[in-house]
Amino acid sequence: MKAIVWTKYGPPDVLQLKEVEKPSPKNNEVLIRVYATTVNRTDCGFLRAKPFIVRFFSGLIKPRRTSLGNEFAGKIEAVGKDVTSFKVGDKVFGYNDDDLGAHAEYMTTAEEGSLTTMPANMSYEEAAPSTEGAHYALSFIRKANIQSGQSILINGATGAIGSAALQLVKYFGADVTAVCNTKNVALVKSLGADEVIDYTKEDFTKNGQTYNTVFDAVGKSSFRRCKVLLKPGGVYMSSEPGFFAQNLFLAMWTSIFGSKKVIFPIPKSRKEDVLFFKELIEAGKYKPVIDRRYPLEQVAEATRYVETGQKTGNVVITVEHNNK
Ligand SMILES: NC(=O)c1ccc[n+]([C@@H]2O[C@H](COP(=O)([O-])OP(=O)(O)OC[C@H]3O[C@@H](n4cnc5c(N)ncnc54)[C@H](OP(=O)(O)O)[C@@H]3O)[C@@H](O)[C@H]2O)c1
């Protein structure tokens, strides 16, 4: 099969299209014929092993996995002998940010992992980017206990995490102020933003409003700058650990002292989340934002684009199979 092979840490040039052996599923695994996948910031982190801590999970000297790619949509081609919840021919979607391997024509993943059958109303290309950014967003939303009637400011509401967070927060009934670039004002309004701040024209930390939660989905701010935006008892969250990993320490410190808190959840992969996203997609409450599409052969180029930190939503990789 064709795969984008990854044998060392480094820039996107290390990613090479090669012919490799098709994997076979273990007893508890399914073999998926991949039709669509993504390049996201998790892939970029693994690719360059940045931050360094990535090496403790991914291999100290060189990567243990052979291909990147953590989101997928495709068709079950074979099942291990213990698999009961999927059968050959099922269309599935999900993510696996532990084992990766979706930048290939075929991949294996455990039956009990974060995958389920495809939403009825979606193509492979739309389903593939529906899970990983949304799962980060959901873990922040749950940890902050965001509820109907509350107010939240989302900085970077146009990223993979931010655009999912905006839709999920609206689903939970909170009021959203979204911060984005001029070119994306209409987009964030269409995703449900109640108020929009264009960061090229206004500093969101100086708008005089206060919120129950400030979620910096692109990690460009700090608790120190955003504290003034929080109501008493308010919560600050960021998708990045911040300068000197300050958000991790602030999460511990502010959980004991002061009424305004930093929270920094460590997201866990859960099948229930993918089931929840499928339910929302089918109900028309959530749809991933797609920026560009590239063929599998151009994963390195797609990665260069994702590394700019300026994609809008998600970058999809389409996987063509010669024998359809
Ligand atoms: N799987 C994941 O996605 C993942 C996993 C773990 C951690 N993270 C971290 O989470 C963060 C977000 O990832 P992502 O994939 O959601 O983001 P992303 O898709 O890379 O998006 C970045 C978005 O943020 C906007 N942006 C850039 N600079 C901004 C600024 N100063 N203020 C407001 N918006 C700004 C960009 O739009 P404009 O250029 O148009 O402004 C772009 O749409 C990254 O720091 C990443 O390292 C991501």
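Just follow the structure's listing: the first ligand is 1, and inside any ligand the first atom is 1. Position 1 is the first residue of the sequence, and the numbers go up from there.
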Undergrad: If you measure every N or O of Ala160 against every N or O of ligand 1, does any of those distances drop under 3.5 Å?
TA: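 Ala160 vs ligand 1: N/O contact under 3.5 Å present.
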Undergrad: Are the side chains of Leu191 and Val176 in touch, meaning some heavy atoms are under 4.5 Å apart?
TA: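 Sidechains of Val176 and Leu191: no contact.
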Undergrad: Salt-bridge test for Asp216 and Arg225: reply yes if a basic N is under 4.0 Å from a carboxylate O, no otherwise.
TA: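 Here Asp216 does not pair with Arg225 in a salt bridge, since their nearest N and O are not under 4.0 Å apart.
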Undergrad: Indicate, as side chain, backbone, both or neither, the part of Asn314 found under 4.0 angstrom from ligand 1 when only non-hydrogen atoms are considered.
TA: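 For Asn314, there is no contact with ligand 1 at all, from either part.
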Undergrad: Atoms of ligand 1 less than 4.0 Å from Ala217 heavy atoms?
TA: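 Once the distances to Ala217 are compared, the set is 10 (O), 11 (C), 12 (C).
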Undergrad: Near Gly313, which atoms of ligand 1 are under 4.0 Å from a heavy atom of that residue?
TA: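 That gives atoms 19 (O) of ligand 1.
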Undergrad: Would you check whether Lys220 has a nitrogen or oxygen atom less than 3.5 angstrom from a nitrogen or oxygen atom of ligand 1?
TA: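 No: no nitrogen or oxygen of Lys220 is under 3.5 Å from one in ligand 1.
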Undergrad: Is the shortest side-chain heavy-atom distance between Phe93 and Lys278 below 4.5 Å?
TA: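 Side chain of Phe93 against side chain of Lys278, heavy atoms only: contact under 4.5 Å found.
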Undergrad: Only heavy atoms count here, so choose which of Tyr305, Phe204, Tyr199, Tyr95 is nearest to atom 38 (P) of ligand 1.
TA: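 Answer by nearest heavy atom: Tyr199.
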Undergrad: Near Gly159, which atoms of ligand 1 are under 4.0 Å from a heavy atom of that residue?
TA: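 So the answer, numbered in order with elements, is 16 (O), 17 (O), 18 (P), 19 (O), 21 (O), 23 (C), 43 (O).
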Undergrad: Can you find an N/O atom of Lys183 closer than 3.5 Å to an N/O atom of ligand 1?
TA: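 Yes, Lys183 has an N/O under 3.5 Å of an N/O on ligand 1.
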Undergrad: Which of these, Thr158, Val289, Val315, Thr200, has its nearest heavy atom closest to atom 25 (C) of ligand 1?
TA: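 Heavy atom nearest to atom 25 (C) of ligand 1 belongs to Thr158.
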Undergrad: Is it the case that more than 12 heavy atoms not belonging to Lys2 sit under 6.0 Å from its NZ atom?
TA: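 Above 12, so yes.
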Undergrad: Is any side-chain N of the basic residue among Asp194 and Lys170 closer than 4.0 Å to the acidic one's carboxylate O?
TA: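 Judged by the 4.0 Å cut-off on N to carboxylate O distance, Asp194 and Lys170 do form a salt bridge.
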Undergrad: Report yes or no: does Gly309 have a heavy atom closer than 4.0 Å to ligand 1?
TA: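 True for this residue.
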Undergrad: Specify whether Phe276 and Tyr171 have parallel, tilted or perpendicular ring planes, treating 30° as the upper limit for parallel and 60° as the lower limit for perpendicular.
TA: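 Taking Tyr171 first and then Phe276, their aromatic rings stand perpendicular (interplane angle over 60°).
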Undergrad: Among protein heavy atoms, which sits nearest to atom 24 (O) of ligand 1, and what does the distance come to when rounded to 0.1 Å?
TA: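 The answer is Val218 CG1, 3.1 Å.
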Undergrad: Which option out of Glu307, Glu71, Lys311 puts a heavy atom nearest to atom 43 (O) of ligand 1?
TA: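 Heavy atom nearest to atom 43 (O) of ligand 1 belongs to Lys311.
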Undergrad: Among all protein heavy atoms, pick the one closest to atom 20 (O) of ligand 1 and tell me residue, atom and distance.
TA: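 The closest heavy atom on the protein side is Arg41 NH1, 2.8 Å.
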Undergrad: So Trp253 and Phe257, would you call those rings parallel, tilted or perpendicular, with 30° and 60° as cut-offs?
TA: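 Trp253 and Phe257: tilted rings.
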Undergrad: Checking a contact table here: which protein heavy atom is nearest atom 8 (N) of ligand 1, and how many Å away?
TA: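 Protein heavy atom with the smallest distance to atom 8 (N) of ligand 1: Ile161 CD1, 3.9 Å.
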Undergrad: Does CD1 belonging to Ile53 count more than 12 external heavy atoms closer than 6.0 Å?
TA: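 Open: at most 12 neighbouring heavy atoms sit under 6.0 Å from CD1 of Ile53.
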Undergrad: Please confirm whether Thr312 comes within less than 3.5 Å of ligand 1 when only nitrogen or oxygen atoms on both sides are compared.
TA: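 In fact, backbone or side chain, Thr312 has no N or O that close.
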Undergrad: Taking atom CD1 as the centre, does Ile61 end up with more than 12 heavy-atom neighbours from other residues, nucleotides or ligands that are less than 6.0 angstrom away?
TA: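 Open: at most 12 neighbouring heavy atoms sit under 6.0 Å from CD1 of Ile61.
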Undergrad: In ligand 1, which numbered atoms sit nearer than 4.0 Å to a non-hydrogen atom of Glu132?
TA: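 Selected atoms, number and element: 1 (N), 2 (C).
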Undergrad: If you measure every N/O of Val179 against every N/O of ligand 1, is any gap under 3.5 Å?
TA: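 Between Val179 and ligand 1 (N or O atoms, distance only) the closest approach is not under 3.5 Å.
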Undergrad: Check ligand 1 against Glu240 and write out every atom of the ligand that is under 4.0 Å from a heavy-atom position of the residue.
TA: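 So the atoms of ligand 1 that pass are 9 (C), 44 (C), 45 (O), 46 (C), 47 (O).
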Undergrad: On the 0 to 90° scale, with breaks at 30° and 60°, tag the Tyr294-Tyr305 ring pair as parallel, tilted or perpendicular.
TA: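 The arrangement is tilted - the two ring planes meet at 30° to 60°.
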Undergrad: Report the nearest protein non-hydrogen atom to atom 39 (O) of ligand 1: residue, atom name, distance rounded to 0.1 Å.
TA: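 Nearest protein contact, heavy atoms only, for atom 39 (O) of ligand 1 is Gln310 CG, 3.5 Å.
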Undergrad: Going by the atom numbers of ligand 1, which of them fall below 4.0 Å from some non-hydrogen atom of Asn184?
TA: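 Answer, ordered by atom number: 40 (O).
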Undergrad: Are side-chain heavy atoms of Thr254 and Tyr236 found at a separation under 4.5 Å?
TA: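 Counting from C-beta outward, Thr254 and Tyr236 never come under 4.5 Å.
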Undergrad: May I ask you to say whether Asp13 pairs ionically with Arg304, meaning some side-chain N is under 4.0 Å from a carboxylate O?
TA: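 A salt bridge is present here (some side-chain N lies under 4.0 Å from a carboxylate O).
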Undergrad: Relative to atom 7 (C) of ligand 1, which among Ala134, Ser239, Ser163, Pro51 owns the nearest non-hydrogen atom?
TA: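 Residue with the shortest heavy-atom distance to the ligand atom: Ser239.
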Undergrad: Is there side-chain contact between Thr303 and Leu15, with heavy atoms separated by less than 4.5 Å?
TA: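 A side-chain contact exists here, since the closest heavy-atom pair is under 4.5 Å.
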